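Okay, structure first, notes after.
Per chain, numbering begins at 1; letters A, B, ... match sequence-line order. Since this is a predicted model, take the numbers as computed values, not measurements.
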Amino acid sequence: MVLEVEAIENGSETEPQANGYKVKLEVFEGPLDLLLYLIKKEEIDIYDIPIARITQQYLDYLSLMEQFDVDIASDFLVMAATLIQIKSKMLLPPDPTISGQEEAVEDPRKELVNRLLEHKKFKAAAEMLWTKVQVEQEVFTRALLDIDKENTEIAATVYDLIAAFKTVCDRQREEQEMEIAHEVMTMEQKMEELKALFTDSLEVNISRLFALAKSRTDLIMTFLTILELVKESVVRLIQDRPFGEIIAIKR
Amino acid sequence: MTKEELKPILEVLIFVSEEPIKLKHLYEILADEEPAEINLAVQELAQEFNSREGGLEMREIAGGWRISTRPQYHEYIRAYLKTKPSAKLSLASLETLAVIAYKQPVTIPEILEIRGVSSSSAIKTLLDRRLIVPKGRKECVGRPVMYGTSKEFLIQFGLKDLSELPSIEDFEELATT
Amino acid sequence: MTKEELKPILEVLIFVSEEPIKLKHLYEILADEEPAEINLAVQELAQEFNSREGGLEMREIAGGWRISTRPQYHEYIRAYLKTKPSAKLSLASLETLAVIAYKQPVTIPEILEIRGVSSSSAIKTLLDRRLIVPKGRKECVGRPVMYGTSKEFLIQFGLKDLSELPSIEDFEELATT
């Protein structure tokens, strides 16, 4: 079973020493995989599962997972409840109102066995698919021809459509969030931001300051703040020739 | 047109088509020819083409015909194109794909029932790799989205069509042993 | 490697190469082989390949080897190109279509508002492909035309009706788990 080996290698495998025994803790895909593993390990007939024993082993395994801080998915707990339920059903004496000959009482394990068998079938099918994809990954088609380039666009499915819509919505939301974030900026905050810029350099081209503005409101705020900075004599503005660049210089 | 005249034309069309070319499409291009005649010519052409035992082969895949390299030469091609094989699908993704391939159209809750474990992230991977597509909604409470396999699935797994998948009952024997 | 073993390898390399593949390249990939041996194998391969009299030929061109269609079949390639399925959309068209599908009926200014970029040429493409149709005018200043998806849209995306469109919520849970 190549797939299983691979899954184990990829999973977080730990080999802690517990009670002197070497315990191999494998990470299972789900509760059905764990059950199949236990059945295989114990060499149990899948049609006649000793439910008490398997339930105990299943629960032991879960507590082991807990000990090593492996998150136990809720699916595993649901299965634990199912196992306990089956176990208790099997302990009940047969209903005396039903005559013994009818054999109407269904084996409480039946549904679980069916699910396990069904699951095993799909595991085998997955292996078959794995083999197929291995072969096909080694097959190549011709290189692009000039005529292919006439249509380099993407083919679309409904999933592409919803993905495109989601992209547009996310983009729109981001833009709105940015606008909102900047509109709440006060002149004091803007002042701090610009003053910080002047601590790094003594002169700044003010067209650069305008380019940094993230929205119209931000742009107006930048302009007003520069005027305020000039008024407070923090900076002075110079222009070395008519229509030339305006430079703000720290006083 | 004779069958012998048809064959090289079909060969050219199979070669230039970016995707496996469907017979229906060939009928359309060669509208003056009998579909039955075209079918026969394609069959013979493929047989002849493949009998060369060259590096290339003509195959029916995803409902169409295409020319591709034989798998045994992949290492030389990779050495030349400097490509790496695409990332392998995880066990969880392959199992989910198997359930979808055999039970389609199928919903996420139904997949959960069979696998015994949530498959959302596997479904996302399969959608992103275009191996599955949404196929409408199931008419039941909550109207969940149903999924099925795509044409890309047939191509990536080298299948002519879905009927080429071995029947799920064939795996029964493996399951009981 | 024998000459017979070399030939199919050379064939696949010539087939997958985007440009005519130069002998120099072939020597590099097959570094264990004698260049003279490779030269001879390519010559023989081309002769054999072309003796089939199929639709394809192997030719030396621009200092390299390549497989191409024989010129006499050009008209069939043109016929193929005319019938080439064109159900493909650019990303801009796809986004515009997505907005229309989910927000219909919707006007051009509203689409601009949502996408943040002008969508006029995408709208034209979608109208040409009959994926969208005008759905009356909006009762507001300028009375702009509203657009919605067409029956053709449902057919191309394999939907029974609009209620089958998956919702964002359907995929949000996939992405987060």
Can you list the steps and then say if B:Glu57 with B:Arg70 is a salt bridge (charged side-chain N to carboxylate O under 4.0 Å, His left out)? CA-CA 6 Å; B:Glu57 63 180 343; B:Arg70 289 185 199 264; 3.6 Å; yes
Under a 4.5 Å heavy-atom cutoff, which of B:Arg52, B:Glu53, B:Gln72, B:Glu28 has the most pairs with chain C? B:Arg52
Could you grab the distance from atom CD of B:Gln104 to atom CD1 of B:Ile132, nearest 0.5 Å is fine? 10.0 Å
Decide yes or no on side chain to side chain contact (heavy atoms under 4.5 Å, CB included) for C:Lys103 and C:Glu110, but give the supporting numbers first. CA-CA 9 Å; C:Lys103 294 277 185 181; C:Glu110 285 163 355; over 6 Å; no
Answer with side chain, backbone, both or neither: which region of B:Ile14 has an atom nearer than 4.5 Å to a non-hydrogen atom of chain C? neither
Tell me, side chain or backbone of B:Phe15 under 4.5 Å from chain C's heavy atoms, or both, or neither? side chain
The interface call for B:Ser68 against chain C, heavy-atom contacts under 4.5 Å, is backbone
Under 4.5 Å from a heavy atom of chain C, the part of B:Val145 involved: side chain
Only pairs of heavy atoms separated by less than 4.5 Å count here; which of C:Ser163, C:Pro166, C:Gly158, C:Ala79 has the most with chain B? C:Ser163
For B:Leu56, which atoms come within 4.5 Å of any heavy atom of chain C: side chain, backbone, both, or neither? both
Can you name the closest pair of heavy atoms from C:Ala46 and C:Trp65 and give their distance? CB-CZ3, 3.5 Å
In a check of salt bridge (charged side-chain N to carboxylate O under 4.0 Å, His left out) between C:Lys3 and each of C:Glu37, C:Glu33, C:Glu44, which one passes? C:Glu44
Between C:Glu11 and C:Lys7, is there a salt bridge with N-O shorter than 4.0 Å? no
Under the criterion side chain to side chain contact (heavy atoms under 4.5 Å, CB included), which of B:Leu10, B:Val16, B:Val12, B:Leu13 is the partner of C:Tyr73? B:Val12
Residue B:Leu26 versus chain C: region with a heavy atom under 4.5 Å: neither
Proximal component of B:Ile108, with respect to chain C [non-hydrogen, under 4.5 Å]: side chain
Heavy-atom proximity to chain C below 4.5 Å, by part of B:Ile77: both
